[in-house]
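Working notes, structure below.
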Amino acid sequence: MKKILFVIPYLVEGGAERALSNITTHFPPGWDIDILVNDDTVVDYLFKGNVITLGITGEAKTGSVMFQFRVFIKRVRRLRSLKNSRNYLACISFLDSANIANIVAGNSHCKTIVSVRVSLKQSAKKPQYRYVVNPLAKILYNTADKVVAVSEGVRNELIKDFKLKSQNVVTIENGYNLDELQSQAQRELTEKKRMVLDGRKVIITTGRLSEQKGQWHLIRAFTDVVKRIPDALLVVIGSGELEGYLKHLTQLCGMEQNVYFTGHVSNPYQYLSNAEVFILPSMREGFPNALAEALCIGVPCISTDFRTGARELLAPELDVQGNGIEDIVEAEYGILTPLCSGRQYQDLQEPLEAAERYLAEAMIKLLTDDEKRNKYREKSKIRRESLKIETMISRWIEVIESC
């Protein structure tokens, strides 16, 4: 029996947590899996393996600097004990705080593999990344046995901007259980939810309502869509700290009848299967689960060009290291639009940004052109074949056994 240890702060919400869920539940027989977390009192996803907790409860998911330091010291001590006593083949960490602890805990008793799930370069706007995470990554990540980047864009950043050895960094995208996603997508919506969508041209966006996701730019852009297509409906799936702002902006724009907030839903795929278009207006991503899952469902997709993930999914013909696009690109597997500014507006007194106008134009293109929409629906079905979880598990096992 081969033993591996995964390390992640929590098992609640988030793309990294969902990715780890997919990985552990699809590992083949013959692997004994442990998962070290800060706290296991709340679990949002299905996991396979033995969960080991640090017992850190009663704190927010992100706490003060002193709280994070105490967690770090406790995690390092526990990791050293586990690595020394349990004969693991490898210890694999997800997210940067766990990655740094994994490396500091040493690799004398098992291989140390860190998984980078975000663009560290784009995250440098946050003080904790600019002053703590990124400097430590430059110093420590080259000492790991292997660094696994979630996208080719993230890999290139690690090599170019963080000076990691190219032979030590590999890319493994997130993988998906296509049969399970299709099964969830085919479940019927309730009559109440169905009535919201019936007779409307539905565009869906999913994700946490946060600064990273840029939904306010989408709401502003959607005002132009409604002028051309009055029965268009934007469905915003998710919850988060910007929910109040986004709803207030919707009211100020007079869009209450054209923007529908679902809040958090356990099965967004029911909505996706009833959508004409999926759109992701994110400011930055490591690898966009929401966009990948929309492709897996077979929905025509639009995304802003945040590049670390978007280009690889929709426009493999574009250089992931190239400059940001300045116009709409009708790419092989979907449509890319220029990145928005990130400025949070309070109303429509100021005209739409050029990037917001491009977002609107892309939505109008797909909603009014049946042939183009059907083309991208078929292209989505082709792209999803390379996102199968089985393929990614094989690559993870290869990395674990070969490094």
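- Partners of V43 by side chain to side chain contact (heavy atoms under 4.5 Å, CB included), not counting sequence neighbours, listed by chain and number: L11, F47.
- Remark: the E293 side chain and the Y176 side chain contain no N/O donor-acceptor pair separated by less than 3.5 Å.
- For R384, the side chain to side chain contact (heavy atoms under 4.5 Å, CB included) test picks out L178, Q182, C296, K381, with sequence neighbours left out.
- Pairs of residues two or more places apart, or lying in two chains, never qualify as salt bridge (Lys or Arg N to Asp or Glu O under 4.0 Å) while including a residue from residues 131-142.
- Judged purely by atom type and a 3.5 angstrom limit, T205 has no side-chain atom pairing as donor or acceptor with the backbone of L280.
- We find that K247 and E256 are not joined by a salt bridge, their nearest charged nitrogen and carboxylate oxygen being 4.0 Å or further apart.
- A donor-acceptor distance shorter than 3.5 angstrom exists from the side chain of K111 to the backbone of I400, with no hydrogens or angles considered.
- Counting only N and O atoms by type, the side chains of Y45 and N22 include no donor and acceptor under 3.5 Å apart.
- Panel note: side chain N258, backbone P230; a donor-acceptor pair is recorded below 3.5 Å.
- For the residue pair E353/Y345, the side-chain donor-acceptor check at 3.5 Å is satisfied.
- Here the shortest heavy-atom pairing between R377 and A275 reads NH2-O, 3.8 Å.
- Salt bridge annotation for E401-K2: present, with a cationic side-chain nitrogen under 4.0 angstrom from a carboxylate oxygen.
- The salt bridge (charged side-chain N to carboxylate O under 4.0 Å, His left out) test applied to R311 returns D305, not counting sequence neighbours.
- Remark: S386 engages R383 in a side chain to side chain contact (heavy atoms under 4.5 Å, CB included) (not counting sequence neighbours).
- In this structure, S119 contributes its side chain and V154 its backbone to no donor-acceptor pair below 3.5 Å.
- Scanning for salt bridge (charged side-chain N to carboxylate O under 4.0 Å, His left out) contacts around K375 gives an empty result, with sequence neighbours left out.
- Counting only distance, with no hydrogens or angles, the side chain of W31 and the backbone of T24 share no donor-acceptor pair below 3.5 Å.
- Partners of A310 by side chain to side chain contact (heavy atoms under 4.5 Å, CB included), not counting sequence neighbours, listed by chain and number: S303, F306, L336.
- When only modelled atom types and interatomic distance are considered, N134 and K126 share no side-chain donor-acceptor pair under 3.5 Å.
- When the salt bridge (charged side-chain N to carboxylate O under 4.0 Å, His left out) test is applied to D40, no partner is found at least two apart in sequence or on another chain.
- The shortest heavy-atom contact between I113 and A90 is CD1-CB, 4.0 Å.
- A donor-acceptor distance shorter than 3.5 angstrom exists from the side chain of T250 to the backbone of L246, with no hydrogens or angles considered.
- Under the 3.5 Å distance criterion, the side-chain polar atoms of N374 are matched with a main-chain donor or acceptor of D370.
- Of the N and O atoms on the side chains of R194 and N274, at least one donor lies less than 3.5 Å from an acceptor on the other residue.
- The stretch residues 147-168 participates, sequence neighbours left out, in these salt bridge (Lys or Arg N to Asp or Glu O under 4.0 Å) pairs: K121-D161, E152-R155.
- The backbone N or O of I33 sits nowhere less than 3.5 Å from a side-chain atom of K48 that would complete a donor-acceptor pair.
- At least one donor-acceptor pair under 3.5 Å links the side chain of S380 to the backbone N or O of V299.
- Panel note: side chain R284, backbone Q212; no donor-acceptor pair is recorded below 3.5 Å.
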Donor-acceptor pairs under 3.5 Å, side chain of residues 195-203 to any protein atom, not counting sequence neighbours: which ones?
residue: R200; atom: NE; partner: D231; partner atom: O; Å: 3.0
residue: R200; atom: NH2; partner: A232; partner atom: O; Å: 3.4
residue: R200; atom: NH2; partner: Q257; partner atom: O; Å: 2.8

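- For residues 105-137, no residue pair satisfies the ring pair (Phe, Tyr, Trp, His ring centres under 6.0 Å) rule, not counting sequence neighbours.
- Checked against salt bridge (charged side-chain N to carboxylate O under 4.0 Å, His left out), E312 has no partners two or more places apart in sequence or in another chain.
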